[in-house]
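Remarks on the structure that follows.
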Number of protein chains: 2
Amino acid sequence: MDDGNLSTVESQDHHVNPTSAAILGLLRQSGPLNANALAETAKVRIGGYWTVTRSQVYRELAALEKRGLVEFGPRGPRNSRACSITELGADAFLAWLDSGPIDDVVRFPLLLTVRFAADLPPGRFDEIIEEFAAMHAQTLAMYRSIENAIIDGPHDIYDLATLRFGIHFEMAIEQWLGELGDLLE
Amino acid sequence: MDDGNLSTVESQDHHVNPTSAAILGLLRQSGPLNANALAETAKVRIGGYWTVTRSQVYRELAALEKRGLVEFGPRGPRNSRACSITELGADAFLAWLDSGPIDDVVRFPLLLTVRFAADLPPGRFDEIIEEFAAMHAQTLAMYRSIENAIIDGPHDIYDLATLRFGIHFEMAIEQWLGELGDLLE
DNA sequence: AAGGCCATGTAACAAGTTACATGATTAA
DNA sequence: TTAATCATGTAACTTGTTACATGGCCTT
């Protein structure tokens, strides 16, 4: 007996993946945008923890239009057309938002290298770690300057929250790097 | 003038993606394995920071075989066949390892939710954060017990290093969650 | 008005995930 | 011996990335 199946069909109809949800969410806050502008917006607004390429935007928007979650305006300047979220789209976005994050798998490319570092020629691992440290020190510094820039003025606290996550993350890397030296003599 | 092109062709010939590199690296340490065993090994050995699905293993191995980086033994029990790394494969693995991690993009699904949390009904965000906190507290506890289990006996320090990264990462999440409360009143 | 640049769009490819087919192995 | 289970393999689909085509726009 397929109990409860019918009741879930309707909600699954609205199901969107995180990338589409991000697109919808941004569209909802910003108003009509064409695909390029959307991609640019995504980069600025959520680029620190989520990547959305231009091509993805085009594809997702096309798919979302078929489902009636977004709609396009007339063709404009360079054959571009603005896209706006529909009510159904807003519903889908909010449904996604309410469902919370499911995926919890994080991939750290560096750790793959670390795992096999024993096979690296002497000194090479130190160099790699050095590069890595430099990059992340830079990232942390950038985050801190952003934080300083926005903290005094008016700002979205949730946006600040994501920034703070980044700062904690980078500090964790920093601390880990610090103890790496001891760990490896 | 295409200066230097010829000299780089040879090295690019060996180029493998991180997932293939992981497969080669594991194969290199473990000796011949069939695809399933390899997938299982990957899960156990590097599953904490890199995912390799069964299907990926089959596809990558097939591709690697064509390039002569791995080779298969005869068909066995359930039509399975053991796969082993070739010398060329070992070279490719070491070349990848030596190149260091390039990709540095990390995706945090939770932060997408956080970014749009203002659109969430009152209290729902707290619930989501609560779930998240519980999950990660559990992860951190697990990491700590693993650490305790291996730290006294003989162990690979690089393996320990990846574990320590995980612990720092989870602690960063913990700290961030702690300050989230203050941030949002 | 000619040329290069760049925004826009599309297509091809690579990687990741999910679902399916099959037959050996095991347990009743 | 029959049924259920599970290891193995394959295929279909989704998502992510890279490369390509086109033509409007700006500069000179």
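Naming: A, B, ... by sequence-line order, numbering from 1 per chain.
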message: For B:Val16 and B:Arg67: C-alpha separation, side-chain torsions, deciding distance, then whether side-chain contact (heavy atoms from CB on, under 4.5 Å) applies.
response: CA-CA 10 Å; B:Val16 291; B:Arg67 299 170 59 188; 4.0 Å; yes
- prompt: Within this structure, what is the CZ-to-P distance between B:Arg75 and D:dT8, rounded to whole angstrom?
  reply: 12 Å
message: If you compare every side-chain N and O of B:Asn17 against the phosphate oxygens of C:dA15 (OP1, OP2), does one of them come in below 4.0 Å?
response: yes
statement: From CG of B:Leu33 across to P of D:dA7 the rounded distance in Å is 15 Å
query: Taking atom P of C:dC20 as reference, at what distance in whole Å does atom OH of B:Tyr58 sit?
result: 18 Å
- request: Kindly indicate whether the side chain of A:Val114, heavy atoms from C-beta on, has any atom under 4.5 Å from the side chain of B:Phe165.
  value: no
- request: Go through the N and O atoms of the side chain of A:Ser55 and the base of D:dT18, and report whether any donor-acceptor pair is under 3.5 Å.
  value: yes
message: So, does A:Thr19 get its side chain near the phosphate of D:dG16, meaning an N or O under 4.0 Å from OP1 or OP2?
response: yes
query: Taking C-beta and beyond as the side chain, do B:Leu112 and A:Pro101 meet within less than 4.5 Å on heavy atoms?
result: no
query: Atom CD1 of A:Ile23 to atom P of D:dT15: distance rounded to whole Å?
result: 11 Å
query: The side chain of B:Thr53 lies closest to which of these nucleotides: C:dT8, C:dT17, D:dG9?
result: C:dT17
Using a 3.5 Å cut-off and no angle test, enumerate the donor-acceptor pairs between side-chain atoms of residues 38-46 of chain B and protein atoms at least two apart in sequence or in another chain.
| from | atom 1 | to | atom 2 | distance (Å) |
| --- | --- | --- | --- | --- |
| B:Thr41 | OG1 | B:Ala37 | O | 2.7 |
| B:Arg45 | NH2 | B:Gln29 | OE1 | 2.8 |

- request: Please state how far atom CG in B:Leu112 lies from atom P in D:dT15, giving the value in whole angstrom units.
  value: 14 Å
message: By the 4.0 Å heavy-atom rule, please label A:Asn36 as base, sugar-phosphate, or nothing.
response: base
Output field: ring centroids A:Phe169/B:Phe108 closer than 6.0 Å: yes
field: Gap between atoms CD and P, on A:Gln56 and C:dA12 respectively (whole Å)
entry: 18 Å
- prompt: Does A:Arg59 place a side-chain N or O at less than 4.0 Å from the phosphate oxygens OP1/OP2 of D:dT14?
  reply: no
query: What does B:Ser80 touch in the nucleic acid at a heavy-atom separation under 4.0 angstrom: a base, only the sugar-phosphate, or nothing?
result: sugar-phosphate
- request: Take atom CZ of B:Arg54 and atom C1' of D:dT8, then tell me their distance rounded to the nearest Å.
  value: 7 Å
query: With no hydrogens and no angle check, is any side-chain donor or acceptor of A:Trp176 less than 3.5 Å from a backbone partner on B:Ala161?
result: yes
query: Taking for each residue the nucleotide of DNA chain D bearing the nearest heavy atom, is the 5' side occupied by B:Arg107 or by B:Asn79?
result: B:Asn79
message: Could you work out how much the helix from C:dA1-D:dT28 to C:dA28-D:dT1 bends, comparing the axis of its first five pairs with that of its last five, to 10°?
response: 10°
message: Counting the benzene-type ring for Trp, do B:Phe116 and A:Phe93 have ring centres under 6.0 Å apart?
response: yes
message: Assuming nearest nucleotide by heavy-atom distance, tell me which of A:Ala37 and B:Val52 is located more 5' along DNA chain C.
response: A:Ala37
message: Whole angstroms only, please: what is the CG-P distance between A:Leu61 and C:dT10?
response: 11 Å
